[in-house]
Amino acid sequence: MRLGWRAISGPVLTAATLLLTMLFDRVVPTLPTPSPGPLLVCLVALAGALSGLASALVTAAVAVIGTALIFLHQHDVSSHGSADLVRLGLLAITAAGTACITGLMRERLLGTFAAERQSHAIAARLSAALDQIDIGVVLLDAETRAEFINRAFRDYFAVPDEIADAKPPFIALMYHGRDTGAFELPEDELATFIAQRMEMVRVGDARPINIALRNGEVLRFVCTVLPDGGRMLSYTPVTDLVRHTDAPARADYYRSLRDPTSRKLIRYLRVAE
């Protein structure tokens with residue numbers, strides 16, 4: 001037990017309470033001395049909450065010994081009855097039980113707080129690390145609301161910090177990309193594209209797809225189902241792998257691969273035939 005104001009506050013307050021009780025008994029001997037038992041138990045609990053088990057046990061010992069001295073001061077040893085002994089025994093049991101309960105609860109709470117601080121520190125470091133990579137990462141909860149959006153995704157789709165930090169639903173992020181013209185798609189295909197991406201996220205479809213952006217970049221989108229029912233969405237830049245190997249004459253074909261169910265692919269295949 002480290003000595004400090006927290007550690008000594010319980011024993012000091014208990015001793016002061018006992019001294020005031022003895023002083024009251026000497027100054028006003030005609031009046032019955034109020035029992036300090038309930039207050040002493042509260043002081044034991046306070047000591048346990050402030051400093052832990054050791055301080056609480058010391059406070060309980062001071063309370064029991066001081067109460068016994070008060071009994072001896074008020075009566076002779078031979079005049080003590082079983083009632084006084086029962087009161088003293090109950091005080092000892094109650095004080096010791098209170099000391100153990102509050103002290104152990106404090107240790108458990110401190111352990112829980114330490115674990116939470118460590119978890120928050122790890123989460124903060126992980127968040128900072130994810131902001132340094134060029135892969136866009138979005139963490140969705142079970143209701144597809146964005147709990148985390150890293151810096152790369154915000155830059156790719158021009159998402160302001162006030163929107164990203166407000167934990168928007170994924171559909172709102174898709175509509176934001178549509179409104180800002182982020183996707184390299186004709187206007188009449190955007191609704192189908194957004195609906196398909198929402199369905200992939202809803203069912204947890206892990207098949208990777210390429211998403212072409214208006215600025216010429218290509219991102220490989222992957223949806224991963226998390227154990228808690230949420231989703232992790234990753235947007236990996238693959239522009240060098242896709243754009244630099246595309247034959248210019250087959251550009252429409254490569255664009256159509258992003259949406260195999262679209263009419264553009266069907267039209268291309270018919271022309272190829």
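In this chain, residues are counted from 1 in sequence order.
Residues Ser9 and Leu50 form a side-chain contact, since some pair of their non-hydrogen atoms from C-beta on lies under 4.5 Å apart. Taking 4.5 Å as the limit, every side-chain heavy atom of Leu213 sits out of range of all side-chain heavy atoms of Glu184. At a threshold of 4.5 Å between non-hydrogen side-chain atoms, the residues Thr67 and Leu88 count as touching. Between Phe193 and Arg178 there is no side-chain heavy-atom pair separated by less than 4.5 Å. For the pair Leu140 and Glu147, the minimum side-chain heavy-atom distance is 4.5 Å or more. When side chains are defined from C-beta on, Phe170 counts as touching Met198, because their heavy atoms get closer than 4.5 Å.
Under the ring-ring contact (aromatic ring centres under 6.0 Å, His included) criterion, Phe157 pairs with Phe153, Phe183, Tyr235, not counting sequence neighbours.
Just one residue in the list Val238, Val222, Thr236 forms a side chain to side chain contact (heavy atoms under 4.5 Å, CB included) with Pro208, and that residue is Val222.
Note on residues 151-175: pairs passing side chain to side chain donor-acceptor pair (under 3.5 Å), not counting sequence neighbours, are Arg151-Asp161, Arg154-Asp161, Arg154-Asp165.
No more than 12 heavy atoms of other residues, nucleotides or ligands shown are found within 6.0 angstrom of CE on Met105. Residue Glu116 places its CD atom among more than 12 non-hydrogen atoms of other residues, nucleotides or ligands, all under 6.0 Å distant.
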Would you mind writing out the side-chain donor-acceptor pairs for residues 11-19 within the sub-3.5 Å range, not counting sequence neighbours?
residue : atom : partner : partner atom : Å
Thr14   : OG1  : Gly10   : O            : 2.8
Thr17   : OG1  : Leu13   : O            : 2.8

